[in-house]
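Here is the structure we will look at, set down as structure tokens.
Every heavy atom of this structure was used, including side-chain atoms; hydrogens, water molecules and symmetry mates were not. We number each residue from 1, following the sequence as shown.
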Amino acid sequence: TRHFFSYGYTDSDGFDETDAAAQTARQLCPNASHDVLKVRAAPDPDEIGTMLAGQEEPVSTPSVLATFRMYRHMHAKGFRVALTGEGSDELFAGYTRRYLPALARDSLRQGRLGRAARLFSSPSLGSIALAKRLVWDLPRPLLETLLARQAAGVIAPAFRETMRYRLEEEIRLRRDPLTTVLRRDVTRDLLPMIQRYADRNGMAASMEVRSPFLDHRLVALALALPLHRKIGPAGGKLILREAFAGILPDRVTHTPKRLGMGHAEQFNAAALPLAALLDSPPPQAERYIDLARLRDCLKATPNEPMLWRPINLLLFLHGLHRQKRDAMPHG
């Protein structure tokens, strides 16, 4: 029996794609079951703590919460195996906000002005995303000044100085051409990280997670494809769109990538009840986080996605401290 699961929100209609998912499911498999899980975009801190305990380390994106919630929901519904789409975005350049700005920048560097102009008119290439990519090519002193003024400025100054070599490495990596970024995302960075998140969340819910896109033959094919078969002005996953034209609805194969699962969570950092934790932070927190700066940023830019990272670390350290305290003998 085929059974589809979709993930959406009770309080963030602009990020909810469950109606479109249901329509696609009905068109593909009219007799299949379809289960929709709708949640509040801003999770409870205890929920984040439970997820982090299963991951056993901080995570880089709150979208990990989406699979954590979904796998637990699947298990509660009696399912033990899930087929997922992990790998498709990395193998076929589906993260348009990550990859299209790099392609536009590479076009400018190469003097391919015609391609650059076509990319600039793409509905998948936002001006903000392009500016965020181009800023990494600025002279290093200016770039570091800009980073210090943004969410990166919540890193404790002494720790930021200690980790300066990591910043220098990040600047170098951000300047790599897209072909290098894509291969690194598959072999070293994004895909291994996402696989770990999915595996940990699956195990925490007693679910087996399978990813058909990671079949070794499909991976070999994807790595051998030229860049123009993956991404262009029409967006990413071009070869997949071609392959499934006429099978999937046109609204799936002919429209830009929209949001992605677990997208709303990252814009709800300021909705978390963090006042008590910020006032009485766990040990070691101030070694890594400028807490006063974090408070200011939460007030000034409450929808800044990057603020999830220091908040995530704060909650992770709080969980470690609580475990250590509970493990101590009493008497």
Side-chain angles (χ1 to χ4, degrees), residues 7 48 50-72 74 81-103 133 136 152 163 165-225 227 230-231 236-237 239-240 257 259-263 265-266 288 305-306 308-310 312-313 315-316 319:
Y7 181 87
I48 300 177
T50 303
M51 182 269 292
L52 291 174
Q55 291 291 331
E56 295 187 307
E57 65 179 32
V59 299
S60 64
T61 168
S63 63
V64 183
L65 279 163
T67 56
F68 172 77
R69 289 164 155 176
M70 181 60 87
Y71 294 150
R72 295 209 301 179
M74 287 178 171
V81 179
L83 297 180
T84 75
E86 263 95 9
S88 59
D89 283 309
E90 294 81 10
L91 290 167
F92 299 101
Y95 294 126
T96 49
R97 277 169 296 192
R98 178 177 176 86
Y99 298 137
L100 264 182
L103 183 61
R133 172 58 62 177
W136 289 93
M163 302 301 292
Y165 74 97
R166 293 293 299 273
L167 174 61
E168 293 174 354
E169 180 187 13
E170 183 67 15
I171 292 173
R172 178 180 61 80
L173 295 177
R174 294 276 186 152
R175 294 176 176 179
D176 280 343
L178 179 57
T179 51
T180 302
V181 173
L182 283 169
R183 182 166 289 272
R184 189 168 60 235
D185 278 355
V186 170
T187 60
R188 197 196 78 172
D189 291 344
L190 280 188
L191 186 53
M193 176 185 71
I194 289 170
Q195 283 183 276
R196 184 191 185 282
Y197 292 160
D199 187 52
R200 286 276 177 164
N201 278 344
M203 288 192 296
S206 298
M207 290 289 298
E208 179 182 341
V209 181
R210 298 178 182 176
S211 304
F213 279 103
L214 297 182
D215 181 286
H216 67 94
R217 293 160 294 190
L218 191 56
V219 172
L221 170 66
L223 292 177
L225 282 174
L227 190 59
K230 299 181 182 182
I231 191 169
K237 295 184 178 177
I239 194 170
L240 291 183
K257 181 180 178 71
L259 301 172
M261 185 172 175
H263 195 70
E265 283 85 341
Q266 61 188 318
Y288 305 108
M306 291 297 291
W308 268 104
R309 297 186 178 185
N312 176 262
L313 177 58
L315 291 170
F316 179 76

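- Note on R196 versus E57: salt bridge recorded, some NZ/NE/NH1/NH2 to OD/OE distance being below 4.0 Å.
- Counting only heavy atoms from C-beta outward, the side chains of I48 and W308 approach each other to under 4.5 Å.
- At least one donor-acceptor pair closer than 3.5 Å links the side chain of R200 to the backbone N or O of G54.
- Closest approach of A82 and Y71 over heavy atoms only: CB-CE2, 4.2 Å.
- Looking only at distances, no side-chain donor or acceptor of R309 sits under 3.5 Å from a matching main-chain atom of T61.
- Here the straight-line distance linking atom CD of E86 with atom CZ of R210 works out to 14.0 Å at 0.5 Å rounding.
- Taking each heavy atom of L52 and P58 in turn, the nearest pair found is CD2-CA, 4.2 Å.
- Side-chain contact between V81 and M207 is absent, with no heavy atoms from C-beta onward closer than 4.5 Å.
- Distance check: D176 CG to L178 CG gives 10.5 Å after rounding to the nearest 0.5 Å.
- Atom-to-atom distance recorded for L167:CG and R172:CZ is 12.5 Å, nearest 0.5 angstrom.
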Worked check of side chain to side chain contact (heavy atoms under 4.5 Å, CB included) between V209 and D199 | CA-CA 7 Å; V209 181; D199 187 52; 5.9 Å; no
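- With values rounded to the nearest 0.5 angstrom, L315 atom CG is found 9.0 Å from M51 atom CE.
- Counting only heavy atoms from C-beta outward, the side chains of T180 and R184 approach each other to under 4.5 Å.
- Summarising the geometry, atom CG belonging to L227 is positioned 6.5 Å from atom CG belonging to L182; distances are rounded to the nearest 0.5 Å.
- I171 places a side-chain heavy atom less than 4.5 Å from the side chain of R175.
- Using modelled atom types, one finds no donor on one side chain facing an acceptor on the other under 3.5 Å when comparing D185 with Y95.
- Nearest heavy atoms, L91 versus F213: CD1-O, 3.4 Å.
- Checking side-chain atoms of Y197 against main-chain N and O of S60 turns up a donor-acceptor pair under 3.5 Å.
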Side chain to side chain contact (heavy atoms under 4.5 Å, CB included) between L191 and Q195, intermediate numbers included | CA-CA 6 Å; L191 186 53; Q195 283 183 276; 3.8 Å; yes
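- V186 is listed as a side-chain neighbour of L223, based on a closest heavy-atom distance under 4.5 Å.
- Residues D89 and K237 are in side-chain contact: their nearest non-hydrogen atoms beyond the backbone lie under 4.5 Å apart.
- The two residues N201 and T67 have their closest heavy-atom pair at ND2-OG1, 2.8 Å.
- Here the closest heavy-atom approach between residue G236 and residue T96 is recorded as N-CG2, 3.5 Å.
- A salt bridge is absent between R166 and E170; no separation between the charged side-chain nitrogens and carboxylate oxygens falls under 4.0 Å.
- Smallest separation of non-hydrogen atoms from L83 and P212: CD2-CG, 4.3 Å.
- N312 places a side-chain N or O within donor-acceptor distance of the main-chain N or O of V59, the cut-off being under 3.5 Å.
- The distance from the OG1 atom of T84 to the CD1 atom of I194 is 10.0 Å, given to the nearest 0.5 Å.
- We find that E265 and R69 are joined by a salt bridge, their nearest charged nitrogen and carboxylate oxygen being less than 4.0 Å apart.
- The main-chain N or O of R174 is found under 3.5 Å from a side-chain atom of R133 such that the two form a donor-acceptor pair.
- In this view, R183 satisfies the side-chain hydrogen bond (donor to acceptor under 3.5 Å, both in side chains) rule with no residue, not counting sequence neighbours.
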